[in-house]
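Residue numbers start at 1 and run along the sequence shown. Since the model is a prediction, treat every value here as computed from it, not as a measurement. What you see below is based on every heavy atom in this structure, not just the backbone, and it leaves out hydrogens, waters and symmetry mates.
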Amino acid sequence: MSYPQDAYKALIRGIQEVDLQHSSVPCNLVLTGDAFPVVMNSQGHILMAASVYGRGRIVVLSHETYLTLCPALVDNALTWLGGGESTNLSLGVPKTMKGVVDNLNRSSYQVSPVEEFRADLGVSVYVTDAYQVGPKAEELIAFVKAGGGLLIGGQAWWWASQNENKNLILEFPGNKVTGVAGIYFTAQYGKAEKLPISPEIPSSWKTVGHGMDFKKDLEFLLKGISDFDIRGDGVPSAALVHGHLAFPIGTTDKGEAFLAGTYYGRGRVIVVTHEGFLQYEKLASFWKNAIDWLDQGRKGVAGFEPGVKPLSNLGLTCKKTNFSSELSVFVCKAYTKVDPETIQNFVVEGGGLLIGGHAWHWGATHIGQNPMQDFSGNKILSKMGLGLLTQTITADVYKAPDTSQVNKLHFRHLLHQFAGHALEGVELTKEEEKNLKKLGSESASFLRMEAYDNFSYIQILYHLTDILKKVGIQQASKKNPVKSPKEHALLSLATSVYDASLNQEELLPYIIKDNPPLPVVKNQQIKITAQTGKHEAWISTGLYLSPGMKTEMILPPKFVNRRWTVIQIGCQSDELHHKELWRAPYVIKRFPVTSERMQVWNLWGGLIYLVAPRDVKVEDEKIVVQEAITAPYYKSGVTKEADWSSLRKSPAPWAEMEFENIILTAPSHLIRDLENALEVEKLWNGIMKGVADLAVIPQKFVRKERIVADVQISAGWMHSGYPVMMHSSIGAELFNPQDARTKGLWGETHELGHNQQRSPWEFPPHTGEATCNLWSVYVHEEVLGLNRAKAHPSVTAASRRRSVEEYVKGGKNLSDWNVWTALETYLQLQEKFGWDAFKKVFAAYHDMTNHPNDKEGKMNLYAETFSRAVNMNLTGFFKAWGWPIQRATEEKLSNLPLWTDHPMA
């Protein structure tokens with residue numbers, strides 16, 4: 001990280017302030033890549049900048065008069081440009097710049113006044129203005145690339161006013177040279193002030209919003225285009241548009257970009273977020289415009305990488321070819337094997353790049369890798385100010401954007417708006433407030449680039465960190481919920497900024513105010529045993545990390561890069577999207593296991609898990625956790641009853657009780673006074689045996705179920721999944737066997753029932769909230785000894801009768817057959833044929849290999865399967881419930897006695 005800090009220090013050595021208050025009106029400079037500001041005014045305008053290119057260096061002043069009016073800056077610049085040596089510096093200066101020549105002659109430099117730049121001048125630094133370098137751009141670029149220094153001064157607002165139809169970025173003479181190093185003269189006036197020189201590289205959030213105007217580019221690209229029809233086979237990714245010279249071209253109604261462009265050096269790039277779109281004839285008019293734009297009027301050759309078929313009538317000479325620097329435009333997929341740097345150099349020096357691809361499939365198949373860093377498309381695009389995200393977007397028909405509005409969706413624009421709002425109280429419109437969510441997710445993606453060698457990246461990270469420190473984070477809780485869009489944005493930014501921060505310890509207290517130190521244990525050895533099936537499984541360690549606490553884990557070699565992909569910190573896997581937040585939206589952190597020693601942490605703290613992937617078996621493998629906090633942790637067959645009284649007082653704020661087939665995770669205060677752990681174990685072993693009995697699955701679950709009780713969850717009062725999530729406000733009922741046997745646990749058994757539902761016998765949208773309740777009824781009656789009418793108010797005799805009567809009165813429409821009404825169908829079957837009939841049916845489905853996927857087909861198969869299980873023709877019963885029973889099903893079952901006295905007769 002010595003560049004650019006060391007370079008900056010050399011450029012400002014001995015200077016406390018610069019006075020630019022005179023008649024010259026400078027322009028604002030826009031920077032990309034490795035370029036960094038040296039002088040910045042109070043508006044965030046950059047008035048002097050520096051960069052490197054190849055082996056050489058460039059310094060740019062935003063007005064040519066500064067070459068004479070700022071002698072100290074010029075002296076430092078020349079020394080740095082000459083490689084740090086001020087003696088023996090030989091300078092070339094155009095004769096027309098007499099004032100500069102005279103000034104430099106008074107110094108000890110060897111100055112050669114020249115008619116124009118030539119490659120054989122033999123000078124170490126060339127000094128010029130920004131107006132006369134155009135014809136010599138190629139030679140000057142080659143001079144810098146080979147190790148030369150270039151000091152250039154000028155402004156572009158006057159040129160732009162005289163050349164309204166010309167492209168400022170590519171055609172302003174100075175930009176033809178400085179653009180390769182990421183410094184661009186703009187038409188925006190800079191304010192000339194008396195400026196203090198800061199000891200660190202100057203920075204202002206206002207700079208983030210200073211960009212270029214791409215209206216003309218968009219008018220060219222969208223000529224004759226009214227909409228983009230991207231419907232087809234491909235599921236596109238979203239694009240991240242983050243560079244100063246990047247802009248969205250096609251976006252969804254939600255503002256997600258699927259098509260974007262950028263300038264890079266002297267070249268241009270267009271990215272589309274699915275490679276299939278490159279072949280869509282319905283987009284041919286746009287592709288013709290795009291190829292023309294990328295070609296820059298050269299009428300050169302567009303080379304299509306093998307595997308990308310050129311569309312007809314694109315205008316240029318198109319041919320299938322491998323990459324060559326002789327091409328005018330290169331068209332490829334984001335998965336190209338061409339070296340990223342080769343493509344970047346091709347574009348920097350003027351080439352056009354059209355690249356298509358999506359990142360979501362790569363993300364799904366490269367678990368634990370970083371798509372912003374490791375995906376081939378992003379290795380090419382990130383430096384250019386674009387990115388392909390793993391988020392998908394809906395393929396549809398989208399209107400071509402309003403060219404004057406398109407930059408409002410740019411990542412930097414959103415950040416600039418938010419910074420003004422958070423730091424200076426600038427009011428946001430409702431639309432702008434809505435965009436804060438987009439800013440949160442795009443910031444997280446941007447920061448995952450971890451491009452610490454890129455000055456543009458470091459600046460954004462600095463601005464986001466500065467906002468968090470100056471504004472602070474509201475400590476979310478149920479009593480003190482986060483409600484405002486601003487507080488929401490700050491809370492969601494906290495995780496990504498902290499994870500990317502180079503100084504996490506310093507940042508932590510700004511994010512988490514109450515973080516008391518807890519007693520730590522060292523070098524904890526843990527034995528890992530796991531056998532998984534078709535799903536990953538979390539393996540508990542009984543250890544916890546406080547917010548921001550770091551530890552090292554030592555793992556067996558066989559876990560490294562072997563699909564033992566992940567260490568997870570935190571148990572609350574729900575991502576929250578509520579208007580009121582009682583905790584941060586996403587609080588678990590995962591680390592791919594890439595070496596035998598792994599440093600791990602989580603801003604929000606959490607229990608430590610190893611995540612075992614699918615289809616693995618390990619036994620008694622040792623891992624070591626060097627420093628952690630013990631959690632109250634009970635494990636069947638391991639924890640002795642006598643030890644529980646001290647274990648439950650362990651200091652971590654999260655506790656786990658692991659039984660034969662289920663693991664319960666809850667805030668520790670819920671179990672601190674729990675004396676009889678064996679009674680709780682007996683309760684849950686019984687419940688899970690009941691779940692397995694009805695589902696006709698082995699008594700020992702391949703993967704133990706999990707229930708986590710959290711302060712806030714993503715949906716409902718509880719929801720199914722791995723883990724089942726519930727509110728911690730009712731978490732105590734998990735550990736109260738007496739209440740369970742008198743009041744029941746309907747919600748928990750309902751969610752465990754959801755986890756047993758299987759597609760072949762599920763009929764969406766009707767049975768989703770109905771068949772899961774079979775497990776609730778079964779467990780309450782067969783395990784907890786609680787009659788169904790007492791287990792839930794909707795299963796009392798009166799309630800059941802009412803739901804049937806209303807269904808019949810409504811004409812037995814299948815559209816009304818759901819939840820309790822649908823459950824009644826199954827309860828009537830149970831009351832006639834008993835639970836064994838259901839077990840036979842579920843067992844029969846386990847053995848089936850072929851089953852229909854359509855609802856009608858599935859309902860007929862169920863009627864047939866149940867009929868055969870009980871040796872009775874039930875088609876009349878199901879028809880009375882409004883099921884679409886087919887004639888063929890009735891014929892198949894005609895040899896069985898008909899159930900005629902059913903409850904719906």
Side-chain angles (χ1 to χ4, degrees), residues 1-8 30-37 49-54 180-184 200-201 203 205 207-208 211 237-246 260 262-265 269 271 334 339-345 347-348 353 355 359 362-363 366 368-391 410-412 414-415 439-468 493 495-504 507 592 594:
M1 288 292 294
S2 59
Y3 174 86
Q5 280 89 338
D6 291 352
Y8 176 72
V30 161
L31 311 184
T32 64
D34 291 326
F36 63 93
S51 189
V52 290
Y53 181 65
V180 296
I183 304 177
Y184 297 86
E200 300 297 324
I201 295 174
S203 185
W205 62 269
T207 306
V208 174
S237 281
L240 176 64
V241 184
H242 64 85
H244 262 309
L245 300 185
T262 189
Y263 284 79
Y264 184 63
V269 180
V271 64
D339 174 56
E341 206 174 319
T342 302
I343 294 180
Q344 288 157 356
N345 290 341
V347 178
V348 145
L353 173 69
I355 183 168
W362 188 95
H366 292 73
Q369 288 191 45
N370 181 344
M372 298 310 293
Q373 272 193 330
D374 304 329
F375 173 55
S376 56
N378 287 332
K379 286 182 180 179
I380 296 166
L381 291 166
S382 289
K383 272 193 171 181
M384 298 171 168
L386 294 169
L388 288 164
L389 303 178
T390 50
Q391 287 95 303
H410 193 294
F411 168 62
R412 283 176 184 269
L414 300 178
L415 175 55
L439 172 66
S441 72
E442 290 196 348
S443 295
S445 299
F446 176 85
L447 291 171
R448 286 203 74 197
M449 293 193 309
E450 294 171 14
Y452 298 111
D453 58 347
N454 179 298
F455 188 73
S456 296
Y457 176 87
I458 288 289
Q459 285 288 282
I460 297 278
L461 175 56
Y462 171 81
H463 294 312
L464 288 166
T465 306
D466 193 50
I467 292 168
L468 291 187
L493 282 170
T495 308
S496 47
V497 174
Y498 179 82
D499 283 345
S501 174
L502 293 167
N503 197 345
Q504 292 179 333
L507 182 57
T594 52

Original post:
Gly243 and Arg412: which non-hydrogen atoms are nearest, and at how many Å?
Top reply: C-NE, 3.8 Å
Original post:
Parallel, tilted or perpendicular: which describes the rings of Phe446 and His242, with under 30° parallel and over 60° perpendicular?
Top reply: perpendicular
Original post:
Okay, side chain of Tyr8, backbone of Ala50: is any donor-acceptor separation there less than 3.5 Å?
Top reply: no
Original post:
Ignoring hydrogens and geometry, is there a side-chain-to-backbone donor-acceptor pair from Gln5 to Glu200 under 3.5 Å?
Top reply: no
Original post:
Can Gln459 and Ser203 be counted as having a side-chain donor-acceptor contact under 3.5 angstrom?
Top reply: yes
**OP:** Flag the pair Ile201 / Ile458 as yes when at least one side-chain heavy-atom distance between them is below 4.5 Å, and no otherwise.
**Re:** no
Subject >> Residue from Val269, Thr32, Leu381 passing side chain to side chain contact (heavy atoms under 4.5 Å, CB included) with Thr262 >> reply: Val269
Subject >> Sub-6.0 Å ring centroid separation between Phe36 and Tyr3 >> reply: yes
Original post:
If we only count heavy atoms from C-beta on, is the Val241 to Phe411 side-chain gap below 4.5 Å?
Top reply: no
Original post:
Atom CG in Leu439, atom CG in Leu493: separation rounded to 0.5 Å?
Top reply: 5.5 Å
Original post:
Taking atom NZ of Lys379 and atom CE of Met449, what is their separation to the nearest 0.5 Å?
Top reply: 15.0 Å
Subject >> Ile467 side, atom CD1; Leu415 side, atom CG - distance, nearest 0.5 Å >> reply: 5.5 Å
Subject >> Side-chain touch Leu245/Tyr264, heavy atoms, less than 4.5 angstrom >> reply: no
Subject >> Val208 to His463 - nearest heavy-atom pair and separation >> reply: CG2-CD2, 3.4 Å
Original post:
Side-chain contact, heavy-atom cut-off 4.5 Å: Leu447 with Asp499?
Top reply: no
**OP:** May I ask you to decide if Ala500's main-chain N or O and Tyr452's side chain share a donor-acceptor pair within less than 3.5 Å?
**Re:** yes
**OP:** Mind listing the closest non-hydrogen atom pair of Ala181 and Ala35 along with its distance?
**Re:** O-CB, 3.7 Å
Original post:
Which heavy atom of Ile183 sits nearest a heavy atom of Ser51, and at what distance?
Top reply: CD1-CB, 3.9 Å
**OP:** State the CG-CG distance between Leu389 and Asn378, to the nearest 0.5 angstrom.
**Re:** 7.5 Å
**OP:** Could you tell me whether the side chain of Gln373 reaches within less than 4.5 Å of the side chain of Arg448, counting heavy atoms only?
**Re:** no
Original post:
Can you check whether Asp374 reaches Trp362 side chain to side chain, under 4.5 Å on heavy atoms?
Top reply: yes
Subject >> Close side-chain approach of Leu31 and Pro37, heavy atoms under 4.5 Å >> reply: yes
Original post:
Say you draw a straight line from OG of Ser376 to CD1 of Ile355; how long is it, rounded to the nearest 0.5 Å?
Top reply: 7.5 Å
Subject >> Heavy-atom side-chain proximity of Gln504 to Ser501 below 4.5 angstrom >> reply: yes
**OP:** Please report the shortest heavy-atom distance between Ala359 and Ser237, naming the atom on each side.
**Re:** N-OG, 2.8 Å
**OP:** Mind listing the closest non-hydrogen atom pair of Gln391 and Ser445 along with its distance?
**Re:** NE2-OG, 4.1 Å
Original post:
Is the number of heavy atoms from other residues, nucleotides or ligands under 6.0 Å of Glu450 CD greater than 12?
Top reply: yes
Original post:
Which value, rounded to the nearest 0.5 Å, describes the distance between Lys383 atom NZ and Asp34 atom CG?
Top reply: 6.5 Å
